[in-house]
Amino acid sequence: MKISARNQIKGTVLKVEPGIVSAIVTLDVGNGNQLVASITMDSVKNLDLKPGAPAYAIIKASSVMIGVD
């Protein structure tokens, strides 16, 4: 797989929480860290995502915001 996004994090699917249109997918990315993403149910099916499957989190963002009270 070759893509332009530089932030590629390899992990293992911990869980997939399906919804009507989208699912919440949790990846174990090592050292006790988890990454959570919301993706479409079509993508879950097309990628055959299930617990224990290897997967990559690919992050391409133009901005990241952080806020405090």
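Residue indices begin at 1 and follow the sequence shown.
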Original post:
Given the rule in the side-chain contact (heavy atoms from CB on, under 4.5 Å) test, do Ile3 and Gln8 qualify, once you have shown the distances and angles that lead to the verdict?
Top reply: CA-CA 9 Å; Ile3 57 173; Gln8 302 173 36; 3.6 Å; yes

**OP:** Please report the C-alpha distance between Ile39 and Leu49 in whole Å, then the side-chain angles of each, then the deciding distance to 0.1 Å, and finally whether the side-chain contact (heavy atoms from CB on, under 4.5 Å) criterion is met.
**Re:** CA-CA 11 Å; Ile39 66 173; Leu49 295 178; 3.7 Å; yes

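Here CG of Leu27 is found 8.0 Å from OG1 of Thr12. Values are rounded to the nearest 0.5 Å. Taken from CG in Leu35 to CD1 in Ile9, the straight-line distance is 5.5 Å, to the nearest 0.5 Å. Rounding to the nearest 0.5 Å places CD1 of Ile24 at 10.0 Å from NZ of Lys15. A distance of 14.0 Å separates CZ of Arg6 from CD1 of Ile59, quoted to the nearest 0.5 Å. One distance of note links CG of Asp28 with CG of Leu14; it measures 5.0 Å at 0.5 Å rounding. If you take CG on Asn46 and CE on Met41, they are separated by 11.0 Å, rounding to the nearest 0.5 Å.
Legend: residues meeting salt bridge (Lys or Arg N to Asp or Glu O under 4.0 Å) with Lys10, ordered by chain and number and at least two apart, are absent.
What you find for Val29 and Gln34 is that their closest heavy atoms are CG2-N, 4.2 Å. The nearest pair of heavy atoms linking Pro18 to Ala23 is CA-CB, 4.0 Å.
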